[in-house]
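Chain naming here is simple, since letters A, B, ... match the order of the sequence lines and numbering starts at 1 in each.
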Number of protein chains: 2
Amino acid sequence: MGKRIHNFNAGPAALPLSVLEEMQSELLDFKGSGMSILEVSHRSKWFDDVINEAIERTRRLLGIGDAFDVLFVQGGASLQFCMIPMNLAMPDRPVDYINTGTWATKAIKEAQIQGKDVRVIASSEDRGFSYIPKEFSPNQDAAYLHFTSNNTIKGTQWARFPNAGEVPLVCDMSSDFMSRPFDVRPFGLIYAGAQKNIGPAGSVMVIIRKDMLARTPGKIPTMLKYTTFAEKNSMYNTPSCVVVYIVSLVLKWLEETIGGLEKMAGINQEKGAIIYDFIDGSSFYRGTADNDSRSLMNVTFRLPSEDLEKKFVADASKEGLGGLKGHRSVGGCRASIYNATGVGAVKALVAFMAEFERKQG
Amino acid sequence: MGKRIHNFNAGPAALPLSVLEEMQSELLDFKGSGMSILEVSHRSKWFDDVINEAIERTRRLLGIGDAFDVLFVQGGASLQFCMIPMNLAMPDRPVDYINTGTWATKAIKEAQIQGKDVRVIASSEDRGFSYIPKEFSPNQDAAYLHFTSNNTIKGTQWARFPNAGEVPLVCDMSSDFMSRPFDVRPFGLIYAGAQKNIGPAGSVMVIIRKDMLARTPGKIPTMLKYTTFAEKNSMYNTPSCVVVYIVSLVLKWLEETIGGLEKMAGINQEKGAIIYDFIDGSSFYRGTADNDSRSLMNVTFRLPSEDLEKKFVADASKEGLGGLKGHRSVGGCRASIYNATGVGAVKALVAFMAEFERKQG
């Protein structure tokens, strides 16, 4: 193989090399089955073991017990934006949302399309979604309170989650899921596209508190009901087996190689400190998010001009540092440093940034 | 690696060995990117080339021009069961269905859940779905006529598709898509789960005639609109990149190694003749489908007793012939012989069947 780059993609994103090597080594013959994991039946013991291992590792990593179901659903977080109000809204109770950026805005829009009584109780739109709102009071009459834990495009992240009392939290955790431990008890539903921290694109993990399942109305399409997935261990129909398999390998790496979420959070803190300390000490690079709101997953920054930003991204790519262009909707630069992007990659990036600044000086 | 078996799974199913080997060889570094195909951005030139190659090969293999869009949608054919009536039903025009088995029944149910005016214009339920209906007259006032081209569970297949005049055909082609050439012009929409003939589980290919897109109502969820997929080349949100990639490799094999759908159909005819001629000449094995309706993809048969069927499946497995158990809802035996299951595998199966019969005699 050729040389592997340092991958700062926002998602699909870097995977642990050991996961890719494990998949490669057993791709023609999965565990003595004489078949690839791509070829085994989803009704076989081989695949049952894969999906159940992924679920059990998730339970252990997050410390969740029997009160929650762990599901695999296709269609991306974008399909969850419509499934959540369809399943979890309640008669005569509004659904509350906090708007912290592009993805939250889309989630709100899908609830509105269905004619739900949507309240946006807090927003950081006034300053271009560059911060996490602090001054707001969750309502106690809502069916749920939806928020986005990390904002991939704007580079902001909730350091502490909102407290809505008895109202269940519903969270799009796509871009920082499994990056740190947290208390699952206030959550009615957590969802995360796999393609940032836990696998490749093609599956969403949904963690739903079992009492929420009673809210699913009878007359909605079968494949849009959480109950369909909960009752059949995510196998009412054929799941995306290869994606679930890779998720199971990533979760094994997280549990056995890294040592769990406390350890992972420590490494992510270390990576964030390296790059943010560098940016804070520079007058050439400028972070775009408020200091108290910035993300440990997506580091967004600007250079003195758009021309320099283009040159920065191009030169970095030549040096084996990929994926540093900001989202097309906002421009600038972005380094996504998810779980699988190691301390070494972040140090290499900071060394390149220092050298690039020096050359322009 | 260990010895690979002859894989007669109904889906997920056998893939060409050369496809698995190609994937394996470039799994750590896709085309000099320094990243796995699992790690490249769906907004990159690398992935654009992959999805566009899959679409162009599909156009060439089926001989379809610009009148159709080729889409990749997650959620399985089961999600299509609800998307089709949601998008393609029309005011004051019933939706017509032909019921030939389990999957058609589920498609009908999803249209009914949405309160559509559903007419079942033909059914083979009277004889356990063991045949394809012949005596029926399609209505000319329907929004569409839906049928299932091949019935995986019951082992039946349409030899010639129904003619509904100006009414667009909508077809679940999951289990015989790309197994033979056909005229796409009467079809408004064709859909096929990848996990039988064109890839692993985790994506559905949808081929939609562009004029059908005008039927999509405004106020349905974004991710359930065909227009969302058509307008963004299936990348409104992140697609299941790894599945699309493997589909592109399988289509390359079909076009370049096999030589196209005429050639593939010839091989499938040959395979079918080998096993059906053997069953027809045996009094020990008994096919379950009417002769004029039997499938070249899923060969369903019974033995003199359920005990013998159990022994047959178990002994075959020991001899490296896997996946021969019938669907759990009907019992018996089933050999799925999709595109990637070669003539050699079918000959090995028939040799085993002859030897098994001899041993019982």
Side-chain angles (χ1 to χ4, degrees), chain A residues 1-5 7 9-15 17 20-21 23-24 27-29 32-36 38-43 74-79 81-82 86 109-110 113-114 193 195 200-203 219-224 236-243 246 320 322-323 328, chain B residues 1-5 7 9-15 17 20-21 23-24 27-29 32-36 38-43 74-79 81-82 86 109-110 113-114 193 195 200-203 219-224 236-243 246 320 322-323 328:
Chain A
M1 72 165 172
K3 187 172 159 41
R4 284 182 43 92
I5 65 166
N7 182 349
N9 275 339
L15 289 168
L17 179 59
L20 296 173
E21 288 171 338
M23 181 177 181
Q24 187 179 43
L27 192 62
L28 302 193
D29 180 15
S33 64
M35 297 174 274
S36 173
L38 307 172
E39 303 174 301
V40 303
S41 171
H42 60 299
R43 307 285 177 204
Q74 294 183 52
S78 294
L79 186 62
F81 297 162
C82 84
M86 199 179 285
K109 184 186 151 212
E110 294 303 320
I113 283 174
Q114 292 173 45
Q195 71 272 20
S203 192
K219 285 276 174 190
I220 63 174
T222 305
M223 287 298 291
L224 300 175
Y236 169 79
N237 73 337
T238 319
S240 186
C241 300
V242 61
V243 176
I246 301 167
R328 61 196 187 287
Chain B
M1 70 165 170
K3 186 169 160 41
R4 283 181 43 90
I5 66 164
N7 181 349
N9 275 339
L15 289 167
L17 180 58
L20 297 172
E21 288 172 338
M23 180 176 182
Q24 187 181 42
L27 192 62
L28 302 192
D29 180 13
S33 65
M35 296 174 275
S36 173
L38 306 173
E39 302 174 301
V40 303
S41 171
H42 60 298
R43 307 286 177 202
Q74 294 182 53
S78 295
L79 186 63
F81 297 162
C82 84
M86 200 179 284
K109 184 184 150 213
E110 295 302 320
I113 284 174
Q114 291 173 45
Q195 70 271 20
S203 192
K219 284 278 173 188
I220 62 175
T222 306
M223 287 298 291
L224 300 176
Y236 169 79
N237 73 338
T238 319
S240 186
C241 300
V242 62
V243 176
I246 301 168
R328 62 197 186 288

State, yes or no, whether a side-chain contact exists between His42(A) and Gln195(B) at a heavy-atom distance under 4.5 Å. no
Kindly indicate whether the side chain of Leu79(A), heavy atoms from C-beta on, has any atom under 4.5 Å from the side chain of Gln74(B). no
With no hydrogens and no angle check, is any side-chain donor or acceptor of Asn237(B) less than 3.5 Å from a backbone partner on Gly75(A)? yes
What option among Lys219(A), Lys109(A), Arg328(A) has the most heavy-atom pairs under 4.5 Å with chain B? Arg328(A)
Which answer fits Met86(B), side chain, backbone, both or neither, if we ask what part of it has an atom under 4.5 Å from a heavy atom of chain A? side chain
Using non-hydrogen atoms only, which part of Ile246(B) is less than 4.5 Å away from chain A: side chain, backbone, both, or neither? side chain
Could you measure the distance from the CD1 atom of Ile113(B) to the OG1 atom of Thr222(A)? Nearest 0.5 Å is fine. 4.0 Å
Could you tell me which portion of Val40(A) (side chain, backbone, both or neither) has an atom closer than 4.5 angstrom to a non-hydrogen atom of chain B? backbone
Rounded distance (nearest 0.5 Å) linking atom CD1 of Ile5(B) with atom OG of Ser33(A): 7.0 Å
Side chains of Ser240(A) and Val243(B): does their closest heavy-atom pair fall under 4.5 Å? yes
Between Ala13(A) and chain B, with a heavy-atom cut-off of 4.5 Å, which part of the residue counts as in contact: side chain, backbone, both or neither? backbone
Taking only residues two or more places apart in sequence or in another chain, which ones pass side-chain contact (heavy atoms from CB on, under 4.5 Å) with Gln24(B)? Gln24(A), Leu27(A), Leu28(A)
Which heavy-atom pair separates Gln114(B) from Pro221(A) by the least distance, and what is that distance? NE2-CG, 4.4 Å
Flag the pair Thr238(B) / Pro12(A) as yes when at least one side-chain heavy-atom distance between them is below 4.5 Å, and no otherwise. yes
Does Asn9(A) reach the side chain of Met35(B), with side-chain heavy atoms less than 4.5 Å apart? yes
If we define contacts as heavy-atom pairs under 4.5 Å, which of Pro200(B), Ser78(B), Gly323(B), Cys82(B) has the most with chain A? Ser78(B)
